Amino acid sequence: MRTTRPRRVLTFGTFDLFHVGHLLLLERAATYGELVVGVPVDDLVLAKKERRPVFPDHHRVEIVRALRCVSGVFLEEGPGLKRRYLLEHRADLLVMGDDWAGHFDELGDVCEVVYLPRTPSISTTTTIEAIAASVEVPAELRADRAPAA
Ligand code: C2G
């Protein structure tokens, strides 16, 4: 009797201030098989986006781990390691949002690479901007205020 293992799907993402665009991407990725998610450590996010994530990596990992559509989560420890992770996890498929279209084609010799459409009109950056715009910071807490003598 031949048993076939489920297709192993990997995706990578920061998932900071987790929102519905993140959820829809992960749910769609999981329709291809068993989904494992690589979450970058804070220093890697800082290096790529030039700002620290709002939530630290161990929080971001726990949130993603709790999702029904996710079978496993690991920390992406540094740049240039995706090939190694795909091989280690015996990935059949790499799924990314189409804001990354073409960016990971070079990994096509390890596994299939698929880009899924992003959910429009929502992102971590616009959420941060919306919160910042809606909050009135008291004068005594403003960063541009001269320190008390
Ligand atoms: N996403 C989406 N729709 C949105 C926002 C995000 O489908 N409105 C997808 C992104 O395309 C990505 C995933 O959700 O596939 C995670 O998004 P981010 O947290 O912004 O991840 P990112 O910083 O793009 O990390 O090296 C690749 C990075 O690790 C990807």
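No experiment lies behind these values; they were computed from the predicted model shown. Numbering starts at 1 and runs along the sequence shown. Remember, it's 1-based here, ligands and their atoms both numbered in the order they're listed.
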### Query
Considering the options T31, L25, T11, D98, which one meets the side-chain contact (heavy atoms from CB on, under 4.5 Å) requirement together with L116?
L25
### Message
Taking 4.0 angstrom as the limit and counting only heavy atoms of I122, give me the atoms of ligand 1 inside it, by number and element.
### Response
4 (C), 5 (C), 8 (N)
### Summary
Numbered in order shown, the ligand 1 atoms found under 4.0 Å of a heavy atom of F12 are 29 (O), 30 (C)
### Query
Nearest heavy atom to atom 10 (C) of ligand 1: which of T119, D99, T126 does it belong to?
D99
### Single-linkage hydrophobic cluster L75~V37, side-chain heavy atoms < 4.5 angstrom
yes
### Query
Would you find more than 12 non-hydrogen atoms of other residues, nucleotides or ligands less than 6.0 Å from R5 atom CZ?
yes
### Message
Can you confirm whether R28 sits close enough to C69 that some side-chain heavy atom of one is under 4.5 Å from a side-chain heavy atom of the other?
### Response
no
#### Entry: Protein contact to atom 12 (C) of ligand 1 [nearest heavy atom, distance to 0.1 Å]
G97 N, 4.2 Å
### Task
Return the residue, atom name and 0.1 Å-rounded distance of the protein heavy atom closest to atom 21 (O) of ligand 1.
T14 N, 3.2 Å
### Task
For K82 and E76, run salt bridge (charged side-chain N to carboxylate O under 4.0 Å, His left out): C-alpha distance rounded to whole Å, both residues' side-chain angles, the deciding distance at 0.1 Å, then the answer.
CA-CA 8 Å; K82 286 193 173 60; E76 186 183 11; 2.8 Å; yes
### Query
F104 and side-chain contact (heavy atoms from CB on, under 4.5 Å): which partner among V110, V114, L94?
L94
### Task
Measure the distance from atom 20 (O) of ligand 1 to every protein heavy atom, then report the residue, atom name and distance (to 0.1 Å) of the closest one.
K49 NZ, 3.9 Å
### Query
Is there any N or O on W100 that sits under 3.5 Å from an N or O of ligand 1?
yes
### Message
I'd like to know if the side chain of D42 and the backbone of D57 have a donor-acceptor N/O pair within less than 3.5 Å.
### Response
yes
### Query
Mind checking whether F15 has an N or O less than 3.5 Å away from an N or O of ligand 1?
yes
### Task
Between L25 and ligand 1, find which residue part has any heavy-atom pair under 4.0 Å and reply side chain, backbone, both or neither.
side chain
### Task
Answer yes or no: does an N/O atom from F104 fall short of 3.5 Å to an N/O atom of ligand 1?
no
### Summary
The atoms of ligand 1 lying under 4.0 Å from a heavy atom of K82, numbered in the order shown, are 26 (O), 27 (C)
### Task
Kindly confirm or rule out an N or O of T11 lying under 3.5 angstrom from an N or O of ligand 1.
no
### Task
Dump the intermediate steps for salt bridge (charged side-chain N to carboxylate O under 4.0 Å, His left out) on D16 and K49, then the final yes or no.
CA-CA 12 Å; D16 192 24; K49 301 192 186 228; over 6 Å; no
### Query
Going by the angle between their ring planes, with limits at 30° and 60°, are Y85 and H89 parallel, tilted or perpendicular?
tilted
#### Entry: Option with minimal heavy-atom separation from atom 14 (O) of ligand 1, where the choices are R118, H103, H22
H22
### Taking atom 28 (C) of ligand 1 as the reference point, the nearest protein heavy atom with its distance
K48 NZ, 3.6 Å
